[in-house]
Amino acid sequence: MTSFSMGRYIPYDTFVHRLDPRTKILALVLFMIAIFMGQATYAMSFLVEGVILVIAIALYSYSRMKVKVLLRSILSMWFMILFLLIVYMFTPRDASTSHLAFELWGVKVYWEAFLDTARIVLRLILMVMFSLVLTATTRPLDLTDALEWYLTPFKLIGFPTHIFAMMLSLALRFIPTIMDDVDRIMKAQTSRGVDYQKGSLISKIKAMVSLIVPLFVQSFVRSDELANAMESRGYDPNGKRTRYRKLSFHLSDLIAVLLTGAFAALVMYVSIVGFDPFLAWGGLATW
Amino acid sequence: MPITYDSVHFVYAAGSPFESAALNGISLVIEPGSFVALVGRTGSGKSTMAQLLNALLVPTSGEVVVDEFVNSADKKKRSRKLKGLRKKVGLVFQFPEYQLFLDTVEKDVAYGPKNFGASREEALEKAHQAILEVGLDASFFERSPFALSGGEKRKVAIAGILAMEPDVLVLDEPTAGLDPEASREALALFRKINAKGTTIILVSHDMDLVLEAATRLIVLENGKVVKDGDPSSLFEVDLTSYALEEPKVFRFVDLLKKNGLELSPSNIRDVESLAKAIKEAKQ
């Protein structure tokens with residue numbers, strides 16, 4: 001097991017790290033909207049997503065993240081990419097507006113199939129990059145505090161925001177602990193001759209059982225102990241409580257929110273009016 | 001063949017903000033059949049040293065050699081087939097009970113031997129032997145490991161390693177969380193195994209146990225060997241500076257000295273040998 005699990009918080013001190021977690025969550029949502037806005041043509045789509053990619057790369061390198069982490073998460077999507085490509089290849093298209101690439105066993109494959117796949121993959125990569133930046137620059141507990149803040153309006157309709165936030169922060173809090181358990185159990189079973197890397201599918205499944213059963217046992221024991229510890233210290237899920245950490249919204253947060261907001265608004269506007277500078281340019285007009 | 005550590009360095013999470021050096025140049029040789037105790041404060045590198053033996057960790061530089069198996073920072077020198085090494089070196093982790101996962105004790109103990117190629121019957125045979133050896137009786141064979149007490153689970157987990165018949169048994173804090181009687185029983189078991197020729201490497205904080213059983217004691221501090229020698233030579237060393245407790249019998253010898261009875265600590269290992277020394281001094 002690597003100690004660098006995907007998107008784990010890394011305590012550097014950059015501008016992105018110092019931003020209020022609420023700002024970062026809002027910015028993530030705004031970028032997601034911008035990424036998934038449909039554009040009039042392929043050319044426009046790739047232009048907009050290219051701009052977002054530049055922003056993503058800038059943020060990614062600015063928050064001192066490793067390229068390796070990103071590459072690994074992209075590589076882990078290979079099967080999905082292949083599956084998408086196959087689905088798009090066999091999607092029937094309007095022959096009059098599409099561009100034929102080649103014919104495979106009587107099935108007409110259009111260039112649009114590849115473009116559609118590329119667009120989805122690019123969107124997924126962008127999504128992964130922004131999410132990685134969020135989780136790697138924000139302490140998990142700050143994230144839950146921010147989520148709880150966003151949920152406060154729901155208190156009016158009786159939604160137990162505090163309980164929800166507590167559940168979430170406990171779940172997040174225990175991810176590293178469980179990762180440590182995984183590491184420990186894998187080591188113990190490896191020295192009993194289990195091979196998690198090599199072997200047939202069946203022996204791999206058997207190997208996983210030797211990991212999962214102890215992991216569940218550990219986790220149940222631990223959650224039971226935690227519940228007892230909380231209760232013995234008088235935890236009341238409905239009690240009113242003060243906070244140790246306070247979130248603070250600075251001028252830099254305001255600027256970040258305004259900039260991302262403006263950018264998302266621009267992308268939305270462009271999408272809704274179907275603006276496309278390439279339409280004037282003959283060659284790309286039909287794409 | 002002895003076990004050799006050749007200028008071994010180990011760094012966790014190298015190149016990240018979490019980077020921490022665990023071992024800073026360990027070089028030593030462990031003779032077969034010896035009973036070595038590794039002691040030192042938390043974070044001094046004991047567990048890392050133990051895990052390097054089994055190639056669960058790979059050194060950042062230097063190499064660890066066990067017989068024909070080489071665990072080296074140099075990829076070209078590193079042995080490919082590690083299964084043989086893992087059969088040779090049995091590693092009992094701290095709180096080993098979490099490795100139990102099968103529905104009966106005998107199956108769980110037989111799991112290791114089976115992974116190393118023993119047939120079902122052979123593995124069960126070895127499992128039964130190991131279970132009896134750790135001091136549990138035949139009524140445990142068919143029981144669920146999850147329904148046992150903490151001490152019994154520990155014994156089953158240790159049996160799971162013993163059943164693999166390792167040449168080297170590495171024990172990481174095997175007595176942590178056990179009551180004094182269970183600790184003594186465990187120690188007696190380790191001595192018995194050692195007497196059969198198995199090399200034992202014991203990682204522990206319990207200096208009483210270490211003094212009683214080990215033939216050689218290695219003190220680690222900040223990833224370096226700071227003391228290496230016969231356990232009774234440690235009488236002269238200020239163990240508290242390594243966050244270790246002085247063995248009770250040594251404290252007793254100290255008190256006797258203050259009150260006018262000088263004893264040579266070289267043969268004092270436990271209460272019995274202390275009593276013998278006092279008796280001899282009186283005569």
Side-chain angles (χ1 to χ4, degrees), chain A residues 1-6 8-14 17 63-69 136-137 139 176-199 203-222 224-225, chain B residues 11-20 47 50-51 53-57 80-103 108-118 123 144-146 150 153 157 160-164 166 168-170 172:
Chain A
M1 270 287 143
T2 51
S3 46
F4 259 111
S5 31
M6 243 178 66
R8 175 175 160 179
Y9 172 67
I10 309 166
Y12 288 118
D13 185 30
T14 70
H17 283 76
S63 29
R64 301 183 61 186
M65 309 253 310
K66 293 236 158 54
V67 185
K68 211 169 72 184
V69 182
T137 62
R139 256 180 243 107
T177 313
I178 289 173
M179 290 308 279
D180 283 349
D181 279 347
V182 169
D183 185 49
R184 231 165 27 146
I185 296 167
M186 273 176 92
K187 275 180 174 167
Q189 306 294 27
T190 306
S191 51
R192 288 216 281 169
V194 180
D195 196 334
Y196 288 98
Q197 260 109 47
K198 288 180 210 124
S203 69
K204 263 191 184 160
I205 291 171
K206 275 188 184 156
M208 284 320 279
V209 172
S210 75
L211 169 65
I212 286 166
V213 173
L215 196 61
F216 267 87
V217 172
Q218 275 288 114
S219 304
F220 279 121
V221 169
R222 191 167 276 134
D224 204 33
E225 280 170 0
Chain B
V11 182
Y12 281 101
S16 81
F18 305 109
E19 179 175 303
S20 70
S47 298
Q51 289 177 26
L53 268 183
N54 216 333
L56 289 173
L57 298 175
R80 303 244 175 276
K81 298 222 161 117
L82 291 167
K83 225 167 178 178
L85 173 64
R86 289 183 180 139
K87 173 162 186 349
K88 198 174 280 279
V89 182
L91 190 51
V92 179
F93 280 85
Q94 203 169 355
F95 302 108
E97 12 328 343
Y98 57 71
Q99 70 186 33
L100 306 175
F101 74 103
L102 286 167
D103 50 345
D108 205 290
V109 175
Y111 185 66
K114 243 184 182 160
N115 279 329
F116 290 116
S144 160
F146 298 108
K153 275 187 195 168
I161 305 297
L162 287 182
M164 289 157 32
V168 181
L169 184 62
V170 187
D172 194 350

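In what follows, every heavy atom counts, from backbone to side chain, and hydrogens, waters and symmetry copies are set aside. If you're wondering where the values come from, they're calculated on a predicted model, not measured in any experiment. Each chain gets a letter, A, B and so on, in the order the sequences are listed, and its residues count up from 1.
- Contact of the A/V217 side chain with the B/F146 side chain is registered, since non-hydrogen atoms from C-beta on lie closer than 4.5 Å.
- B/K83 NZ to A/T190 OG1: the interatomic distance, rounded to the nearest 0.5 Å, is 10.5 Å.
- Atom NZ of A/K206 has 12 or fewer neighbouring heavy atoms from other residues, nucleotides or ligands inside a 6.0 Å radius.
- In this structure, B/L82 CG and A/S191 OG are separated by 12.0 Å, a value rounded to the nearest 0.5 Å.
- For a residue to count as touching a neighbouring chain, one of its non-hydrogen atoms must lie under 4.5 Å from one of that chain's; by this rule A/V194 touches chain B with backbone and side chain alike.
- If you measure heavy-atom distances from A/V209 to chain B, the contacts under 4.5 Å come from both the backbone and the side chain.
- In this structure, CZ on B/F101 lies 11.0 Å from CD1 on A/I212, to the nearest 0.5 angstrom.
- For B/L91, the parts lying under 4.5 angstrom from a heavy atom of chain A are both the backbone and the side chain.
- Note that A/R192 lies outside the cation-pi zone of B/Y111, set by a 6.0 Å cut-off to the ring centre and a 45° limit from the axis.
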Item to check | Residue pair A/K187, B/L57: steps toward the side-chain contact (heavy atoms from CB on, under 4.5 Å) verdict | outcome: CA-CA 9 Å; A/K187 275 180 174 167; B/L57 298 175; 3.8 Å; yes

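- Salt bridge status for A/D195 with B/R86: absent, with no side-chain N to carboxylate O gap under 4.0 Å.
- Residue A/R64: no heavy atom, backbone or side chain, is found under 4.5 Å from chain B.
- In terms of heavy-atom proximity, B/Y98 sits nearest to A/P214 at O-CB, 2.9 Å.
- Within the 4.5 angstrom heavy-atom criterion, only side-chain atoms of B/Q51, from C-beta onward, approach chain A.
- The two residues A/G193 and B/F116 have their closest heavy-atom pair at CA-CZ, 3.3 Å.
- Residue contact with chain B, scored on non-hydrogen atoms closer than 4.5 Å, is absent for A/F216.
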